[in-house]
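Just so it is clear, the structure is predicted and the values come from calculations on it, not from any experiment.
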Amino acid sequence: MTEKVSTCNLLQQTETFLAGMFYWSWIDILVCLKSCFPIFAHADSSGLVQKLISALLVKIAQNSDANFITSSSSSSSSPETASGYRFSSSSKSTPDLIKSSPSSKAWWFEDLAVLPPNIIEKVIQSLGAYGPDNNSLILTRFLLHYLKSAAQRKAINQLYSKCEYGGLADTAIHGVVTVGKEAFSCRELLWVLRIVSGFGLNKDYKVGLEKLIGGMLDQATLDDLLVSGHDRAVYDVNLVLRLIRAFVNSDELSIHKMKKVGRLIDKYLGEISPDQNLKISKFLGVAESLPDFARDRFDGVYRAVDIYIQSHVSLSIEERSRLCGCLNYEKLSLAVCKELAKNPRIPPRIAVQALISQQSRVPKELDYCNNLSTSSTTQMVLYNDAENFLEENEDMRQNLTRMQWRVVELEKVRREMKGHMSKLVRHNVLTIPSHNRTLPRLC
């Protein structure tokens with residue numbers, strides 16, 4: 001086939017034909033590139049793949065913004081080729097991240113999505129933006145679109161192995177972390193994490209992405225956190241725990257953000273509580289992942305604990321007590337504390353502790369009353385006696401209800417005494433008459 005045998009032989013004709021590929025239509029270049037996959041090693045070693053990629057990039061550059069590689073915008077219109085083929089610009093049902101718009105999706109995204117991963121890898125390498133060299137938003141968005149399309153087609157199981165997409169996933173995540181908060185919302189980043197988790201993503205890149213998401217956790221919603229779990233679990237609780245740790249350790253932390261995340265995590269606890277495969281340690285890990293000041297009230301945590309206990313009927317008293325250990329009883333509202341005391345699923349000692357903690361919220365004005373020390377001593381004795389007694393006989397729960405009403409009565413008496421003392425001060429009376437009403441006995 002060489003010229004030594006005959007002039008204008010097949011080899012010469014082939015080279016002449018390939019030399020004119022820059023004048024080929026867009027569709028012809030794509031078809032030729034795709035056909036190289038079965039013989040990729042030979043096509044690559046002969047330089048054919050690289051020539052086709054160069055022709056492909058020329059076509060993109062001619063019909064896009066001049067700086068399409070480094071710019072975040074490109075032409076959203078699909079140009080016509082000589083053959084009359086109009087490039088795809090369809091926008092199927094996708095997250096906001098890749099909806100067809102001048103700032104997010106270029107006209108060539110959909111067409112290149114049909115190429116095999118080794119060809120796309122060559123394309124990115126030709127642009128000098130592979131792996132840690134990627135700082136291009138437009139290429140990052142393309143790679144995310146490409147990986148999403150591959151996952152939808154289930155190409156990983158049918159044609160290509162997961163590891164063949166690993167380098168592309170790493171390149172995409174490096175680009176995401178580089179541009180960070182400037183280009184992606186928390187919801188978009190969580191969507192990215194779901195997509196790339198199905199590929200062979202490098203651990204360091206995954207940690208970097210989760211750290212970025214964690215720093216923006218105050219922007220997340222409950223639906224964002226309900227990621228499907230593994231090992232028979234309904235939800236991926238381990239992921240949420242890692243995101244919370246990243247949030248707590250982030251630099252841009254404020255009380256407002258902390259309380260916003262606190263409300264979000266309380267909703268999340270209520271959602272995951274019925275999961276039969278959710279271990280107590282995982283539930284407590286989420287409940288105790290935030291400091292106490294992140295919650296004004298622990299009512300939501302109590303609701304989640306109660307749902308968990310109802311859903312896991314075989315829990316022992318020790319396990320139920322362990323679950324209640326994540327509660328700050330002093331931050332329970334009086335209504336929820338009353339509900340807890342009446343709840344037959346809550347161990348009696350926990351109900352006593354919750355009620356006693358409610359009494360500790362009585363203002364310090366009562367320190368002026370001699371009866372307060374007697375009341376405090378009575379409360380402490382009551383606590384010790386009740387704890388020991390209720391361990392032996394759980395049927396004595398009715399005593400807790402009477403105590404609860406005593407606490408309410410104590411609050412009423414405190415208010416009356418405070419008003420009476422204010423009147424005495426106004427009339428320059430320095431002592432409290434001995435016949436004044438005394439505090440009620442708690443038992």
Evaluate the side-chain hydrogen bond (donor to acceptor under 3.5 Å, both in side chains) criterion for residues S126 and Q50: first the C-alpha distance (whole Å), next the side-chain angles of each, then the deciding distance (0.1 Å), finally the verdict.
-> CA-CA 8 Å; S126 298; Q50 191 58 52; 3.0 Å; yes
Check the pair Y302, N343 against side-chain hydrogen bond (donor to acceptor under 3.5 Å, both in side chains), reporting the backbone distance first and the verdict last.
-> CA-CA 11 Å; Y302 165 72; N343 192 338; 3.0 Å; yes
Do R349 and S321 pass the side-chain hydrogen bond (donor to acceptor under 3.5 Å, both in side chains) test, and can you show the C-alpha distance, the side-chain angles, and the key distance before you say yes or no?
-> CA-CA 8 Å; R349 72 169 72 178; S321 299; 4.9 Å; no
Pair K122-Q125, side chain to side chain contact (heavy atoms under 4.5 Å, CB included): steps then yes or no = CA-CA 5 Å; K122 282 283 186 181; Q125 289 173 345; 4.0 Å; yes
V49 vs F37, side chain to side chain contact (heavy atoms under 4.5 Å, CB included): CA-CA, chis, key distance, verdict = CA-CA 10 Å; V49 172; F37 176 70; over 6 Å; no
Under the side chain to side chain contact (heavy atoms under 4.5 Å, CB included) criterion, do N277 and V234 qualify, and how do the steps go?
-> CA-CA 8 Å; N277 294 311; V234 178; 5.8 Å; no
Go through the steps for I317 and R320 under the test side chain to side chain contact (heavy atoms under 4.5 Å, CB included), then give the verdict.
-> CA-CA 5 Å; I317 293 181; R320 283 180 277 159; 3.2 Å; yes
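Between S311 and I307 there is a side-chain heavy-atom pair separated by less than 4.5 Å. Residues R322 and I280 are in side-chain contact: their nearest non-hydrogen atoms beyond the backbone lie under 4.5 Å apart. Using a 4.5 Å cut-off on side-chain heavy atoms (C-beta onward), I213 and F184 make no contact. Taking 4.5 Å as the limit, some side-chain heavy atom of M258 sits within range of a side-chain heavy atom of P291. W26 has its side chain within reach of D111: a pair of non-hydrogen atoms, C-beta onward, lies under 4.5 Å apart. I346 is listed as a side-chain neighbour of I309, based on a closest heavy-atom distance under 4.5 Å. Considering only heavy atoms from C-beta on, F40 comes within 4.5 Å of I119 through its side chain. When side chains are defined from C-beta on, L225 counts as touching L217, because their heavy atoms get closer than 4.5 Å.
Around the NZ atom of K257, the shell of radius 6.0 Å holds more than 12 heavy atoms that belong to other residues, nucleotides or ligands. Heavy-atom neighbours of E182 CD from other residues, nucleotides or ligands within 6.0 Å: at or below the threshold of 12.
Of the possible polar contacts, none joining the S250 side chain to the L253 backbone as a donor-acceptor pair under 3.5 Å is found. Judged by distance alone, with hydrogens and angles left aside, the side-chain atoms of D224 form a donor-acceptor pair with the main-chain N or O of T221 at under 3.5 Å. Looking at W107, its side chain does come within 3.5 Å of a backbone N or O of N63 through a donor-acceptor pair. Between the E319 side chain and the S316 main chain, a donor and an acceptor come within less than 3.5 Å of each other. For the pair Q152 (side chain) and S149 (backbone), a donor-acceptor distance under 3.5 Å is absent.
Between atom CZ of residue R295 and atom CG of residue D299 there is a gap of 11.5 Å, rounded to the nearest 0.5 Å. For the atom pair CG of D133 and NE2 of H174, the computed distance is 8.0 Å after rounding to the nearest 0.5 Å. Remark: L323 CG to L284 CG distance equals 5.5 Å, nearest 0.5 Å. Interatomic distance, Y329 OH to L340 CG, rounded to the nearest 0.5 Å: 7.5 Å. Separating the OG1 atom in T140 from the CG atom in N134 is a distance of 4.0 Å, to the nearest 0.5 Å. The line from OH of Y146 to CG of L168 is 6.5 Å long, rounded to the nearest 0.5 Å.
Between G180 and L212, the shortest heavy-atom distance links the atoms CA-CD2, 3.8 Å. Here the closest non-hydrogen pair linking L355 and C337 is CD2-SG, 3.9 Å. Contact record, Y165 with L147: CD2-CD2, 3.9 Å, taken as the closest heavy-atom pair. Listed here is the closest heavy atom pair of Y205 and G131: OH-C, 4.2 Å. Nearest approach of L144 to W191, heavy atoms of both residues: O-CH2, 4.4 Å. Closest approach of G167 to Y130, counting heavy atoms only: CA-OH, 3.2 Å.
Of the N and O atoms on the side chains of Q310 and D306, at least one donor lies less than 3.5 Å from an acceptor on the other residue. Using modelled atom types, one finds a donor on one side chain and an acceptor on the other under 3.5 Å when comparing D292 with N328. Under the 3.5 Å distance criterion, with hydrogens and angles disregarded, no donor-acceptor pair is assigned to the side chains of N249 and K211. Between the side chains of R245 and S289, no donor N or O sits under 3.5 Å from an acceptor N or O. Between N135 and T178, the side chains place no donor N or O within less than 3.5 Å of an acceptor N or O (distance only, hydrogens not considered).
Only one option out of L112, I120, L52 pairs with L33 in a side chain to side chain contact (heavy atoms under 4.5 Å, CB included); it is L52.
Taking a cutoff of 4.0 Å between a charged side-chain nitrogen and a carboxylate oxygen, K260 and D218 do not qualify as a salt bridge. Using a cutoff of 4.0 Å between basic side-chain nitrogens and carboxylate oxygens, D266 and R303 are not scored as salt-bridged.
Applying the ring-ring contact (aromatic ring centres under 6.0 Å, His included) criterion to Y308, with sequence neighbours excluded, gives F283, H312.
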